[in-house]
Engineer: 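Sharing a structure below in C-alpha cells format, with a few things to ask.
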2 protein chains.
Amino acid sequence: MKAKITLKDIARELEVSISTVSKALKNSEEISRDTKEKVQAFAKLYNYKPNNIAISLKNKRTKNIGVVIPAIVHHFFTTVIRGIEKYANAHGYNVIVCLSEESFDKEVINMEMLANGSIDGFIMSLSSETQQKGDYNHLKEVTEQGIPVVLFDRITNEIDCDKVVIDDQFGAYMATKKLIDQGRRKIALITTDDYLSVSKARTEGYRKAFEESDIEINESRILKLSTMGIVDEERIQEFFDSNEVDAVLCVNEIFTVYSMRLVQEKGLNIPNDISFIGFTDGKLSKYANPSLTVVAQHGEKMGEIAAQMLIDKVESEKEEESFQTKILEPTLVIRNSTIN
Amino acid sequence: MKAKITLKDIARELEVSISTVSKALKNSEEISRDTKEKVQAFAKLYNYKPNNIAISLKNKRTKNIGVVIPAIVHHFFTTVIRGIEKYANAHGYNVIVCLSEESFDKEVINMEMLANGSIDGFIMSLSSETQQKGDYNHLKEVTEQGIPVVLFDRITNEIDCDKVVIDDQFGAYMATKKLIDQGRRKIALITTDDYLSVSKARTEGYRKAFEESDIEINESRILKLSTMGIVDEERIQEFFDSNEVDAVLCVNEIFTVYSMRLVQEKGLNIPNDISFIGFTDGKLSKYANPSLTVVAQHGEKMGEIAAQMLIDKVESEKEEESFQTKILEPTLVIRNSTIN
DNA sequence: TATTAACACGAAACCGTTTTCGTTCAATAC
DNA sequence: GTATTGAACGAAAACGGTTTCGTGTTAATA
C-alpha cells in the first residue's frame, strides 16, 4: 500500500521548501525553470494529486453540490439528477445526493449535515411533508448563512432563491384542452392533495381548460390520492366503478398506468372508449400498452438549468440579492393513449 | 447574512482559549463545570456547528461514500442507491453519486476526483465499457492507496475487494427451468454481449437449464444486443420475425416490455401463446400489461449490504486483507406473463 | 565601488478543528 | 515553610494545502 504523497514529502525529497513545490506545480513565474521541471517530474512520477479537503478548507470552497430530493425511484427525479450531474461534472463539481423520502425530518437532517462545510450550494425539491407543514426554517437558515439554494419542481414562494419549474398549470391546461377538443366531456383528474405545489397548479390548469370551454366541472371526477407510500389501488378501483368517464388526466406515471390497466380489465378500449394523458415522459409511459400520451417535464434540462443557476451563484463574487424563477414549457408527447 | 461561527469566535467572545472551547463542547473532564456551561450555552445560542471540512482534514476521515454507477435511469441502480443511502445515513455518512454513463473515461475521471480525499471508500458497479476493455488500473490504484472498495452487480475478479452480487446464473437457471417445466421448448434469450459479467452469468444459467433437461439449444434463439444507448428495436423486430419462439427470457426490463408489445402487435397472446420472464423487479414489470414475471434482484438489499461492508472496512482499524463476496439469492416473482 | 533591481526561494500565516503537553495556581502533605 | 499534587486552562503542533511577504544572491547600473 503506497500512501498518498503530499507537498511536504516532495519538498523533503527534493530539498526545497513546501512553498516552492506548491508554486512550481502551479507553474509560478517565481520559480526557476530548472526547479519547476524537477518538481513537476517528481510529482508526476509519484502521481501527486493535491488533497481536495485541504484545498476546500483553504478556499472555503468544496466544489460539491448538495442535492436533496424526496425520492429517487421516481423517474422524473432521476432525470433531473442526471442533468445536474452532467452540468456539474463538466464544471468540476461533484454531486452529493440525499434523499428525504418525503419526510420533513430527514430533509432537515440532511441539510444540516451538508450545510456545515460539505457543499457550496443546494439544489432541492421539497418533500411532501415539508410542503404540507409549510415549515421552511431549515431553508431560511442556510440562505441566511449565504449558502445559495436552487429549488426545482416542488418549490415555495416563502424562500427567496432561484427556482426552476415547468409551467404545470399550462401543462395540465394543454392536456385537458386537447381532450376537450377531441370531444371528451367526462374528463377525470387523478391527482394528489393540494399542498403539493405541482398538484395544485395542475389542478388549476385542468379547471381553467373547462372554464374556457364553458363546461361545468363535475367535482366527483376529481380524485385526490396520497403521495406517501404505495398507490391506493382500492380507491382508484372504487373511483372508476362509481364514475362515468371518457378521458383521464393523471399527475404522474404510476397513477396513469395503473388506471389504464384497470379500465382495460373492465373491457374498455384505449383510446376509443377512454383516453389517457399522464405527466412525466418516462419509461413507464413509453413502454405502456398502449403507449402513453404525456405532458413531458424535461427533467434533464431542468437539472442542467438548476445546476447552472447554482454554480453561477456560487462562483459570482458579488452579493447581489437578485433571484430568478425559470419556467420551462412542458410539451405534449402524443402517443397511442389518445386519439390521433 | 450571519456567517458561520467558529471556535475562534466563541473563544474571543468568552475570553478563553480555542482549546478550552473545543474541550468544553466535548464535555471534557478537564474543563470546569462553570466554563463548560458557559461555552455550551453560548454555542447553542449562536447555533455553532463544527466545520466538517476541518474535521475531515484533521481525522483524515470524510464520512462520505463515493458511489460510481453506470447509469441512474435504470430502476435497479436507483434501488441500490436507495439501499446505500439508507444504511449510510443511519451511520452518519453522506453519499456522493457519480455517473459513468457506461463510459470508461468518465469512470476513471470520477474516481480520481473522489479519491483525493473526498471520500472514505467506494461502492461501484462497472461501466460496460470498462468490462469490455478489461482495464481495471483505476481500481487497482485506489485499492493500493488503501481506499476500501465494494463492487456490486457488475464486478471483476481481477480486483481484490469486497463484492456483492446476486446469483445471476441461478436466477436465469431458475427462470429457464420454470419455462421448460411448463412445456416450453423454444425459449429465446435476449441478452447483451458477454463481456458484461452479469449477462454472461445469466446466459450460463440459461444453458445449464437446457443441459439438465437434455434439450438442445438452438443458438439462433439467443439474441445479443448492445448495452449502449437506446434499445435496438429493429433487431428485436427482425429476431421475432425470423424465429419461432414460445417463451422469452430477457436480461432486463426494457428488453422485456418492448418485446412483449411487439409480439402482442403480431397478435400473440401472453402468456398462452408465448411466455415472458424478465430481470429486475421494477415498475415497468409491475405495471406492464400483462404484469411481468421476473427474477427479482433485490437492489435495495444489495445496496444496504454493500454500504455495510464498506463502512465496516472503513471503520476497522486493522489492515486485514480479507475480502468476501456476498451472493444474494434472486427470487422469482410470478405474475401474469407466464402460465400460473 | 556602492546602489539597485530582478530573480529564486523560504518562512510563516491561514483555513477550523483536535489533541498533546505544558503551565499556573491553590490546596494538601510532610 | 517547602514539596507534591491535581484542577483548570492555554500554547502549539498537526492535518495539507495557498499565499503574502520577506530575504539572500547575483547581475546590472550609477
Side-chain angles (χ1 to χ4, degrees), chain A residues 3-40 42-43 46-64 113-120 145-147, chain B residues 3-40 42-43 46-64 113-120 145-147:
Chain A
K4 293 243 75 173
I5 190 174
T6 70
L7 286 189
K8 198 196 276 189
D9 299 328
I10 303 184
R12 193 180 348 95
E13 291 303 313
L14 263 37
E15 298 186 309
V16 291
S17 76
I18 294 181
S19 350
T20 304
V21 178
S22 175
K23 289 170 193 164
L25 291 174
K26 296 199 123 50
N27 242 316
S28 160
E29 294 293 314
E30 262 184 87
I31 306 298
S32 76
R33 187 183 246 276
D34 266 16
T35 313
K36 279 200 276 197
E37 278 173 4
K38 202 173 56 175
V39 171
Q40 288 172 3
F42 190 92
Y46 285 94
N47 194 28
Y48 169 79
K49 294 276 165 53
N51 180 311
N52 290 331
I53 297 291
I55 294 180
S56 295
L57 183 58
K58 181 86 234 227
N59 322 330
K60 297 170 156 246
R61 283 280 206 74
T62 61
K63 289 262 178 182
N64 284 156
M113 271 186 91
L114 296 180
N116 301 310
S118 301
I119 50 97
D120 295 339
Q145 276 172 34
I147 302 177
Chain B
K4 293 240 74 170
I5 191 175
T6 70
L7 287 187
K8 197 196 274 189
D9 298 329
I10 302 182
R12 190 177 353 90
E13 291 303 313
L14 262 38
E15 299 185 307
V16 290
S17 76
I18 296 180
S19 351
T20 303
V21 178
S22 175
K23 289 170 194 164
L25 291 174
K26 297 198 125 48
N27 242 315
S28 160
E29 294 291 314
E30 266 183 81
I31 307 299
S32 74
R33 186 185 247 277
D34 267 15
T35 313
K36 280 200 277 197
E37 278 174 2
K38 202 173 54 177
V39 171
Q40 288 171 3
F42 190 92
Y46 285 92
N47 194 29
Y48 168 79
K49 293 276 164 56
N51 180 310
N52 289 332
I53 298 291
I55 293 180
S56 294
L57 182 60
K58 184 89 243 258
N59 338 317
K60 303 174 150 238
R61 283 281 207 74
T62 62
K63 288 259 175 184
N64 285 156
M113 272 185 91
L114 296 180
N116 300 310
S118 300
I119 50 95
D120 295 339
Q145 275 172 36
I147 302 177

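Keep in mind the model is a prediction, meaning the values are calculated, not measured. Any value given below was found using the heavy atoms of this structure, including those in side chains, with hydrogens, waters and symmetry copies removed. Below, chain A is the first sequence line, B the second, and so on; all start at residue 1.
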Engineer: Can you tell me how far P of C/dT18 sits from CG of B/Asn51, to the nearest Å?
Structural biologist: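 Taking atom P of C/dT18 as the reference, CG of B/Asn51 is at 10 Å.
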Engineer: Nearest whole Å is fine: how far is D/dG16 C1' from B/Leu57 CG?
Structural biologist: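 Value for this atom pair: 6 Å.
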Engineer: Would you say the side chain of B/Thr20 lies within less than 4.5 Å of the side chain of B/Leu14, judging by non-hydrogen atoms?
Structural biologist: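 When only atoms from C-beta onward are counted, B/Thr20 and B/Leu14 do not touch, as no gap falls below 4.5 Å.
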Engineer: Between B/Glu29 and B/Lys60, which residue's closest nucleotide on DNA chain D lies nearer the 5′ terminus?
Structural biologist: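 Of the two residues, B/Glu29 wins.
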Engineer: Of the options D/dA11, C/dT18, C/dA8, whose atoms approach the side-chain atoms of B/Ser17 most closely?
Structural biologist: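 In terms of side-chain proximity for B/Ser17, the closest of D/dA11, C/dT18, C/dA8 is D/dA11.
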Engineer: When you measure from the side chain of A/Lys36 to the backbone of A/Ser28, do you find a donor-acceptor pair of N or O atoms at a distance under 3.5 Å?
Structural biologist: yes
Engineer: Using whole Å, what does the distance between atom P of nucleotide C/dG10 and atom CG of A/Leu14 come to?
Structural biologist: 10 Å
Engineer: Locate the shortest heavy-atom distance separating A/Lys23 from A/Ile31; write the atom from each residue and the value.
Structural biologist: CB-CG1, 3.7 Å
Engineer: If you compare every side-chain N and O of A/Thr35 against the phosphate oxygens of C/dA8 (OP1, OP2), does one of them come in below 4.0 Å?
Structural biologist: no
Engineer: Could you check how far CD of B/Glu15 sits from C1' of D/dA8, rounded to whole Å?
Structural biologist: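 Whole-Å distance recorded here is 17 Å.
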Engineer: Going by the side-chain hydrogen bond (donor to acceptor under 3.5 Å, both in side chains) test, name the single residue among B/Thr62, B/Asn52, B/Asn64 that passes it with A/Ser118.
Structural biologist: B/Asn52
Engineer: Please tell me if B/Lys4 has a side-chain N or O lying less than 4.0 Å from either OP1 or OP2 of C/dG16.
Structural biologist: no
Engineer: Counting the atoms with a prime plus P, OP1 and OP2 as sugar-phosphate, which does B/Ser56 contact under 4.0 Å by heavy atoms, base, sugar-phosphate, or nothing?
Structural biologist: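 It contacts nothing in the nucleic acid.
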Engineer: The side chain of B/Leu7 is closest to which nucleotide in this list: C/dT18, C/dC9, C/dG16?
Structural biologist: C/dT18
Engineer: Starting from P on C/dG10, measure out to CD1 on A/Ile31 and report it in whole angstrom.
Structural biologist: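 Atom-to-atom, A/Ile31 to C/dG10, this comes out as 8 Å.
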Engineer: Where do B/Gly117 and A/Ile53 come nearest, in terms of heavy atoms and distance?
Structural biologist: O-CG1, 3.1 Å
Engineer: Would you sort out whether A/Phe42 and A/Ile5 count as a side-chain contact (heavy atoms from CB on, under 4.5 Å), showing the intermediate values?
Structural biologist: CA-CA 11 Å; A/Phe42 190 92; A/Ile5 190 174; 4.0 Å; yes
Engineer: What is the distance, to the nearest angstrom, from the CD1 atom on B/Ile10 to the C1' atom on C/dG16?
Structural biologist: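 From B/Ile10 CD1 to C/dG16 C1': 12 Å.
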Engineer: In whole angstrom, what separates B/Arg61's CZ from D/dC15's C1'?
Structural biologist: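 After rounding, the gap between these two atoms is 15 Å.
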Engineer: Determine the minimum heavy-atom distance between B/Asp9 and B/Thr6, stating which atoms define it.
Structural biologist: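 So the minimum-distance heavy-atom pair works out to OD2-N, 2.8 Å.
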Engineer: Take atom CG of B/Leu25 and atom P of D/dC9, then tell me their distance rounded to the nearest Å.
Structural biologist: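 It works out to 14 Å between those atoms.
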Engineer: Report yes if a side-chain nitrogen or oxygen of A/Tyr48 is closer than 4.0 Å to either non-bridging phosphate oxygen (OP1 or OP2) of D/dG17; otherwise report no.
Structural biologist: yes
Engineer: Nearest 0.5 Å, please: how far is NZ in B/Lys4 from CD in A/Gln145?
Structural biologist: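 So the CD of A/Gln145 and the NZ of B/Lys4 are separated by 4.5 Å.
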Engineer: Which atom names give the shortest non-hydrogen contact between A/Leu114 and A/Ile119, and what distance separates them?
Structural biologist: O-CG1, 3.2 Å
Engineer: Mark up nucleotides 19-28 of chain D, 5' to 3', with B wherever a protein heavy atom is under 4.0 angstrom from a base atom, S wherever such an atom reaches only the sugar-phosphate, and - elsewhere.
Structural biologist: BBB-------
Engineer: Between A/Ile147 and A/Ala115, what is the shortest heavy-atom contact and its length?
Structural biologist: CD1-O, 3.7 Å
Engineer: Take the C1' atoms of the five end pairs on each side of the helix from C/dT1-D/dA30 to C/dC30-D/dG1, get both axes, and report the angle to 10 degrees.
Structural biologist: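 Answer rounded to 10°: the end axes differ by 80°.
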